[in-house]
Enquirer: 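For reference, the structure I am asking about is given below.
Order of the sequence lines sets the chain letters (A, B, ...), proteins ahead of strands, with each chain counted from 1. All values derive from a computational prediction rather than experimental measurement.
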4 protein chains.
Amino acid sequence: MGAVKSKRMPRAVREQQMLDAAVRTFGQRGYRAASMDEIADLAGVSKPLVYLYLNSKEDLFTACIRREAAALTAAVRAGVRPGLPADRQLWEGLRAFFTHTAQNPDGWAVLHRQARTHGEPFAAEITAMREEIVAFVTQLIVVAAREAHRNPSLAEREVAGLAEALVGAAESLAAWANATPGTSARQAAATLMNFAWAGLGNLMEGQPWAEAPESAGTPGPRP
Amino acid sequence: MGAVKSKRMPRAVREQQMLDAAVRTFGQRGYRAASMDEIADLAGVSKPLVYLYLNSKEDLFTACIRREAAALTAAVRAGVRPGLPADRQLWEGLRAFFTHTAQNPDGWAVLHRQARTHGEPFAAEITAMREEIVAFVTQLIVVAAREAHRNPSLAEREVAGLAEALVGAAESLAAWANATPGTSARQAAATLMNFAWAGLGNLMEGQPWAEAPESAGTPGPRP
Amino acid sequence: MGAVKSKRMPRAVREQQMLDAAVRTFGQRGYRAASMDEIADLAGVSKPLVYLYLNSKEDLFTACIRREAAALTAAVRAGVRPGLPADRQLWEGLRAFFTHTAQNPDGWAVLHRQARTHGEPFAAEITAMREEIVAFVTQLIVVAAREAHRNPSLAEREVAGLAEALVGAAESLAAWANATPGTSARQAAATLMNFAWAGLGNLMEGQPWAEAPESAGTPGPRP
Amino acid sequence: MGAVKSKRMPRAVREQQMLDAAVRTFGQRGYRAASMDEIADLAGVSKPLVYLYLNSKEDLFTACIRREAAALTAAVRAGVRPGLPADRQLWEGLRAFFTHTAQNPDGWAVLHRQARTHGEPFAAEITAMREEIVAFVTQLIVVAAREAHRNPSLAEREVAGLAEALVGAAESLAAWANATPGTSARQAAATLMNFAWAGLGNLMEGQPWAEAPESAGTPGPRP
DNA sequence: CATGAATGAGGGTTCATTCAT
DNA sequence: CATGAATGAACCCTCATTCAT
């Protein structure tokens, strides 16, 4: 049994316990490999109660996605101080994002790995959350560009791609840092920032890397 | 039944048909949700034949991973002309990578999403492929730094981290490009190149991004 | 369906029903040929319930062995009055043994035929039971020999061989009596006793049959 | 592969190789657990050839039983010199029986353990062999009684029961001797002879063991 | 003759889900 | 409210058996 058994808790509390157990199980095992038995056991309740409160495995998974998505976007919003310049806001948002995902690896696994792996019922949830975050970041980047009076017409899609790339790079770095002794998570974050920031800056200045045939030796857009 | 039924094929051919069906099924459903029945049906053979040739679901999945990993690394290597400057080689490698993953979305899903989600038997296969690509990219970065006659003493570990980040970003971008209609491999490659190359250049010039408190308006290291 | 379907029984009762069905099926078909489907059907329950209560075919078989072994040893012990002389105790023990095995042919088949045919998981269970019974019989024989002040040093192994022979003879006789109309189990037991007892007596008196070259006409140890 | 592959052997030889492999596999694994694949492999031939020569698993098993039964009865007959007194003939027959079963443990396992465990198709074969041996033993007992000029009117049925018991005891002892290291065929035969001969003698002298209530200490019919 | 290719049928096991108490 | 009891449906895997070459 996973949790201490204490009877007669209000429904809201019981539900959160179930969701905690479900997020952990889904995040570690995947949607299919997670069994309702294990989840109920980990939550310290009987299986029919899980069904009474959350209807089905699909609904339970959807509830997990929704709760974790809300927590993630809340964390990002809470990490950003609205008065600051846009580049600081972006930086703070990224820090909040990486901090939250590092502290909730199972929730992040549910959102990023498991939910996308499975079919239509869940993709919509993920898309909604994703759009919210991407819209937030996009807005920050656009504002930053406007503040810098440069290149105010970044395409929406391009920003979305950047977010994807950032997240992928961050995940790889995190795994690599974990597997490489002597490398802290903070260093990994700094490396990522180094890696990414200049690229964003150039993008916003309208000086992308060009497939120039004469390009040689010196990397980067400037001579 | 999925395929036209033509009896009595030599074993090698049948095996490829089975792997085709398996990659497609695993890529779309995930490892657990994919059923051997569906795979056999899609391959146009009976289930016992799949087991006769490929032993088990685990072995079949491993065979998929190995085949797709080999095809991907081969495509990347084939896309790079060795004589060119390093940044051109990187660009070509990225283009080949995104082209191949766009043309083999199921294979890429197997490698990127499904294989990493499941336990030890498969992680090793992915790690091997990844290390090969990361080594390739690392070498390109080192050569580029040497060609630029700048900062030739980039720490080995830092370069490794950069390569990890680049590869991770590429992996995520590929999945995103696959899932986003209207995104070409070329665009994806350009986005990543934009995103990454300037950062690499700054790094090599010894001008990393710094969390400067006075930073305002213009993001990036330069005023 | 094998049994009347009465729903919602307490677990202990259902488990006994399952064991009844399993003993019958294993005893008649053998371990491999017995199917969980048939057992569940005969028990009047669905297959998952069998697995819920008894885990696996192996565990189910082991549970059968244990239950039947316990029942057999209990029957033998219950049939013996401890105050009597050893030869009487032995006689009563044999009677109880043959009575019980005749009344539980499937259980006896499980113990004697099926369990020994299969590998390690089950052999240990049988060995344990066997040793208990053989130890019991050995003790009786040894005590009987001591009471008779004769040949108190019968070898352990020899006694074990006698037990084997007795059991084999009894089984053959039982099958033969069953197949031969007009022959009761009691007569069979008496025949066996006739057959065996004198041999035991001679053994204990230290007058074994000898491969004497001059032996002729009169069988047995006496001239 | 189990056997050296030498092509183009006459059919009779190939069949014996197959039967060798089948006896070994059936004897060790049991009828159900033995697979035609393993048998064909052990025989060094392809599976369809086994079917061409021996039709089916059932027929193959039957052929094994027949061959081993014939070999056993032949060995017993060959071990007996007809001119000797009956007890000597019995002794020699037992020795031959235990020697043969010790030298062909797999064949004996097929006859004694496996064939009896499974249904009707095979039981008939075993019954036939058994009846032949029982008839042989019965005749010996009758002749012995006549030679001893005692109690020549032993009931036919009683003698048959005795023979059954003797053969059953021999069968069990043979299996036990095979499974017990350090037990020679000669010892097994002596144990059985000891065990049985005195009882036979008493029977023929009209002194059966009786369940006398006053029996104490000394087992057996004599005071 | 001999074999590689192929399969229908069934067995053990698990899982999401539901009643009756 | 809460739970022990129960199951239909599937899934992975194996086996005896047969063609076409």
Enquirer: Starting the side chain at C-beta, find the nucleotide from F:dA6, E:dT7, E:dA5 nearest to C:L49.
Expert: F:dA6
Enquirer: Over how many whole Å does the gap from C:M9 atom CE to F:dT7 atom C1' extend?
Expert: 17 Å
Enquirer: To the nearest angstrom, how far is D:I39 atom CD1 from F:dT14 atom C1'?
Expert: 15 Å
Enquirer: With both distances under 3.5 Å as the test, what is the Watson-Crick or G-U wobble partner of F:dA20?
Expert: E:dT3
Enquirer: Is the distance from OP1 or OP2 of F:dT14 to the nearest side-chain N or O of B:Y51 less than 4.0 Å?
Expert: no
Enquirer: Are any non-hydrogen side-chain atoms of D:F61 and D:Q114 less than 4.5 angstrom apart?
Expert: yes
Enquirer: From CG of B:D41 over to P of F:dA10, roughly how many Å is that when rounded to an integer?
Expert: 15 Å
Enquirer: Rounding to an integer number of Å, can you tell me how far C:D59 CG sits from E:dT13 C1'?
Expert: 13 Å
Enquirer: Quickly work out the C:R32 CZ to E:dG10 P distance and round it to whole Å.
Expert: 17 Å
Enquirer: Of C:M36 and B:P10, whose closest DNA chain E nucleotide lies nearer the 5' terminus?
Expert: B:P10
Enquirer: Report the base-pairing partner of E:dT13 (Watson-Crick or G-U wobble, both distances below 3.5 angstrom), or none.
Expert: F:dA10
Enquirer: So what does D:A40 hit on the nucleic acid, given a heavy-atom distance under 4.0 Å: a base, only sugar-phosphate, or nothing?
Expert: nothing
Enquirer: Is any side-chain heavy atom of C:R67 closer than 4.5 Å to one of C:V23?
Expert: yes
Enquirer: Counting the atoms with a prime plus P, OP1 and OP2 as sugar-phosphate, which does B:A33 contact under 4.0 Å by heavy atoms, base, sugar-phosphate, or nothing?
Expert: nothing
Enquirer: Could you check whether the side chain of B:K47 and the base of E:dT7 have a donor-acceptor pair of N or O atoms closer than 3.5 Å, going by distance alone?
Expert: no
Enquirer: Send over the distance from D:D37 CG to E:dG4 P, rounded to a whole Å.
Expert: 12 Å
Enquirer: Which nucleotide wins on minimum distance to the side chain of A:K57, given the candidates F:dA6, E:dA5, E:dA16?
Expert: E:dA16
Enquirer: If we only count heavy atoms from C-beta on, is the A:L42 to A:Q17 side-chain gap below 4.5 Å?
Expert: no
Enquirer: With the side chain counted from C-beta on, respond yes when A:R32 and B:R29 share a heavy-atom pair under 4.5 Å apart, and no when they do not.
Expert: no
Enquirer: Please state how far atom CG in B:L54 lies from atom P in F:dC12, giving the value in whole angstrom units.
Expert: 14 Å
Enquirer: Would you indicate, yes or no, if E:dA5 has its OP1 or OP2 atom less than 4.0 angstrom from a side-chain nitrogen or oxygen of B:R11?
Expert: no
Enquirer: Using whole Å, what does the distance between atom P of nucleotide F:dT17 and atom CG of D:L52 come to?
Expert: 14 Å
Enquirer: Between B:S35 and C:A12, name the one whose nearest nucleotide on DNA chain F is closer to the 5' end.
Expert: C:A12
Enquirer: In terms of side-chain heavy atoms of C:R8, which of E:dG4, F:dC15, F:dA6 is nearest?
Expert: F:dA6
Enquirer: With a cut-off of under 6.0 Å to the ring centre and 45° to the axis, is C:K57 in cation-pi contact with C:F26?
Expert: no
Enquirer: From the options F:dC11, F:dC15, E:dA5, select the nucleotide whose nearest atom is closest to the side chain of B:P48.
Expert: F:dC15
Enquirer: Just say parallel, tilted or perpendicular for the rings of A:W108 and A:H112, cut-offs at 30° and 60°.
Expert: parallel
